[in-house]
Protein chains: 2
Amino acid sequence: MRKQGLPPLQGEASGEAFSRKPITARELARMLGVSQSAVSRAFTPGASIAADLRERILKYAAEIDYQPNAIASMLSKSRTNIIGIVVSDMQNPFYPGLIEKLSRSLQRIGLQSLLFNITKGSNLEEQLSALRRYNVDAVIVISATILSGSTLSWATEGRPAILINRVIEDTNLSCVACNNIEGARAIADHFHSQGARRVAYVAGLSHTTTNRERQNGFVTRIAELGMTLSAQIEGREYSYHAGRKAALEIAAKKSTDAIFFANDILAIGGIDALREEAGCRIPDDIYVAGFDDIPMADWPHYSLTTFRQPVDEIVRVVVEMIEGDTSALLRAATTIRLSGELIERRSTGVVQKTQ
Amino acid sequence: MRKQGLPPLQGEASGEAFSRKPITARELARMLGVSQSAVSRAFTPGASIAADLRERILKYAAEIDYQPNAIASMLSKSRTNIIGIVVSDMQNPFYPGLIEKLSRSLQRIGLQSLLFNITKGSNLEEQLSALRRYNVDAVIVISATILSGSTLSWATEGRPAILINRVIEDTNLSCVACNNIEGARAIADHFHSQGARRVAYVAGLSHTTTNRERQNGFVTRIAELGMTLSAQIEGREYSYHAGRKAALEIAAKKSTDAIFFANDILAIGGIDALREEAGCRIPDDIYVAGFDDIPMADWPHYSLTTFRQPVDEIVRVVVEMIEGDTSALLRAATTIRLSGELIERRSTGVVQKTQ
DNA sequence: GAAATTATTGCATCCGAATGCAACAAGGTA
DNA sequence: TACCTTGTTGCATTCGGATGCAATAATTTC
């Protein structure tokens, strides 16, 4: 084996500092007098290669700053290590936290997140066509809204898809969701035990499964408890301003003891409107509860009673599904329900213990 | 030219509905009796191909649902159409809006966003090594914190990088930032014209350029106006709770008329703490101002005077830089400063006109 | 010590599209 | 009619690694 000195490292001082092409496995191999296959194997855990050869290659690779080209690897392995994340509403503070945790967990196991931020209005298929062309290994859909099941099936065709907080039975889409019915019932029970009897529901986007479940769960439990549903607002969106508007409609009728908003950001808008415009005191005049437990729910001005979504667990389950046998996901879509937790705060008259 | 009937479309009912491999350009070409090059050219705008041939190919491609494999295309063109977006803090409500707009604008011109959500603590180079292997066409860094210039240069080596709201002179990194000094001075002027004389500054992360500029701009202008800097809190992070803590320290000294927080989320924490724990009325006892103009700043409970960052313009400029000659960016890093706008609200005693 | 096994390594090919180059056709000019 | 453009098309190769297969070396078995 002929020994050969290391070629000079590519220095910053070597003239053209820009756009210098990265080294390839072949070049590295030639420099070391081994085959390109060896280099490839050195970087492939479990590949058939002698320990000392691997070490020699890795060591030299580190020196000259060689890294395998991920694109080439994708092409030959037909695996991208990229997960498509479909989002439509980052304004709701619940989502950034979820997305952050999700992408970090994925990164930890070597997967990157390709963001698809879809917009209502314009052509969805066009927006999602990239999702197909990029050969992502799996798709995670965080958008509760906008996308129809069929559009989703089309966009994710051939690769595993997991919907978060959105359940679509009857397709090849897996779902991981909070137990909305449990949560809504917990809110109803809580209202009842706090003495409320005439309660109202403010919907988010009416046609979303999340909304339907929370609504049904709540309304059903209300009836079981013998409480009156004094109002029910059809929602147009999950937003602060929608919450304000809905709250005012309910306040105008003066027949409600407690309002359950489909999520926290609605509830917070509601609280503001009730206080500023309707002159209500909370919780003295009316109770308010939300759903999600976003950071603002804990702000003292709101101190919002809410049903906390198990974000960490949702992330964990989703990542496990992806990490595991994704092809199994394709064959048999799974739906998983996770339990949340009622967080009682001052907006429903619960006295907080000082920290 | 032998005419041949269309082969049957891949039906959902064709047996194995799962993981059926997508059609390739070669197959499509063979079906139509043309060369693979022709197919490639049909999908390449401006390529040398007769209009009718292109049309025939595109039409048939649409029928059998063929789409060029993006991975293969990346490999041969050495262009990925992927932009790496480096983020470290999605909890600050300013960022989700920015990220959303950014990724949508990029999508509109055919670029996808690969998210790199970096975490303090753990090994940054490891977290960013994927950024290099994935051959992204450009990198946008939205993290004001954490990353050192040298780490960034390393991670983005060989490809254009644009930092948002973070200026690093002296490197090959481009920057697009809000004119923080202008903003901080505007706040100082505003405090002055509202009658404040003893003012305080609450820092975010002390070592970030954003913080330094706001701090210097503010302190300098304060001096010019003959006002007193009654307190200056060194910040550890840009967060609601950091804002609370800082506000209480300042309130304890009872010598301050107005506080300028390095950003809105700090200011909002500050307002809450001042009201709840320090018993201050705002704006009666003390003025508060922030920076960014996040959605919560407009919530009535806070009605926070702030300096609005020109988010849309920032996004526009960044996307233009990327859309334009990126190689130019590599050769000559650019720094662009954009003007913001003072938004006067009740937290500094400005009476809002009712909407 | 010979035969059988097992561990390494390299060769050749493939993944799917892009593209330089040559071949060829259509239209124009003299 | 002969020659020259201009426009199309296909062929062959390339992008950078991954991997089946065969060749070779190392180790074990009897």
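In what follows, chains carry the letters A, B, and so on, assigned in the order in which the sequence lines appear, proteins first and then strands, with residues in each chain numbered from 1. Keep in mind that this is a model prediction, so the values were computed, not measured.
Distance from the side chain of B/Leu75 is smallest to C/dG16 among C/dG16, D/dT9, D/dG17. Comparing C/dT8, D/dG10, D/dT8 by their nearest atom to the side chain of A/Ala50 picks out C/dT8.
We find that CG of B/Leu28 is positioned 12 Å from P of D/dG10, with the value rounded to whole Å. Spacing between atom CE of A/Met74 and atom C1' of D/dG16 amounts to 12 Å, rounded to whole angstrom units. B/Asp52 places its CG atom 13 Å from the P atom of C/dA26, with the value rounded to the nearest Å. The CD1-C1' distance, from B/Ile71 to C/dA17, rounds to 12 Å in whole Å. Between the CZ atom of B/Arg79 and the C1' atom of C/dT19 there is a distance of 17 Å, rounded to whole Å. Between the CD1 atom of A/Ile49 and the C1' atom of D/dT24 there is a distance of 16 Å, given to the nearest Å. The OH atom of B/Tyr134 sits 14 Å away from the C1' atom of D/dG17 (whole-angstrom rounding). Atom CG in A/Asn69 sits about 9 Å away from atom C1' in D/dC15, given to the nearest Å.
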In a table with atom names and distances, give each donor-acceptor pair under 3.5 Å that connects a side chain of residues 79-86 of chain B to protein atoms at least two apart or in another chain.
| from | atom 1 | to | atom 2 | distance (Å) |
| --- | --- | --- | --- | --- |
| B/Arg79 | NE | B/Asn81 | OD1 | 3.3 |
| B/Arg79 | NE | B/Asp137 | OD2 | 3.2 |
| B/Arg79 | NH2 | B/Asn81 | OD1 | 3.2 |
| B/Thr80 | OG1 | B/Ile82 | N | 3.2 |
| B/Thr80 | OG1 | B/Asn135 | O | 3.0 |
| B/Thr80 | OG1 | B/Asp137 | OD1 | 3.1 |

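The backbone N or O of A/Ile118 sits less than 3.5 Å from a side-chain atom of B/Arg104, completing a donor-acceptor pair. In this structure a side-chain-to-backbone donor-acceptor pair under 3.5 Å is missing from A/Arg133 to B/Gln67. Not a single donor-acceptor pair under 3.5 Å links the side chain of A/Glu323 to the backbone N or O of A/Ile109.
Within 4.0 Å of B/Leu53, counting heavy atoms only, lie sugar-phosphate atoms of the nucleic acid but no base atom. Using a 4.0 Å heavy-atom criterion, one finds that A/Val34 contacts the sugar-phosphate atoms exclusively. B/Ser73 comes within 4.0 angstrom of sugar-phosphate atoms only, judged by non-hydrogen atoms across all strands, and of no base.
Note: B/Phe43 and B/Tyr66 meet the aromatic proximity criterion, with ring centroids under 6.0 Å apart.
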Between the protein and nucleotides 19-23 of chain D, list the N/O to N/O atom pairs that are separated by less than 3.5 angstrom.
| from | atom 1 | to | atom 2 | distance (Å) |
| --- | --- | --- | --- | --- |
| D/dT19 | O4 | A/Ser37 | OG | 3.2 |
| D/dG20 | O6 | A/Arg41 | NH2 | 3.1 |

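When each of A/Val317, A/Val315, A/Ile322 is tested with A/Val319 by the rule side chain to side chain contact (heavy atoms under 4.5 Å, CB included), just one qualifies, namely A/Val315.
Contact between the side-chain N/O atoms of B/Tyr66 and the OP1/OP2 oxygens of C/dG16 is not found at any separation under 4.0 Å. The phosphate of C/dG10 has OP1 or OP2 within less than 4.0 Å of a side-chain N or O from A/Ser35.
Annotation for A/Glu320: atom CD counts as buried by contact number, over 12 foreign heavy atoms lying within 6.0 Å.
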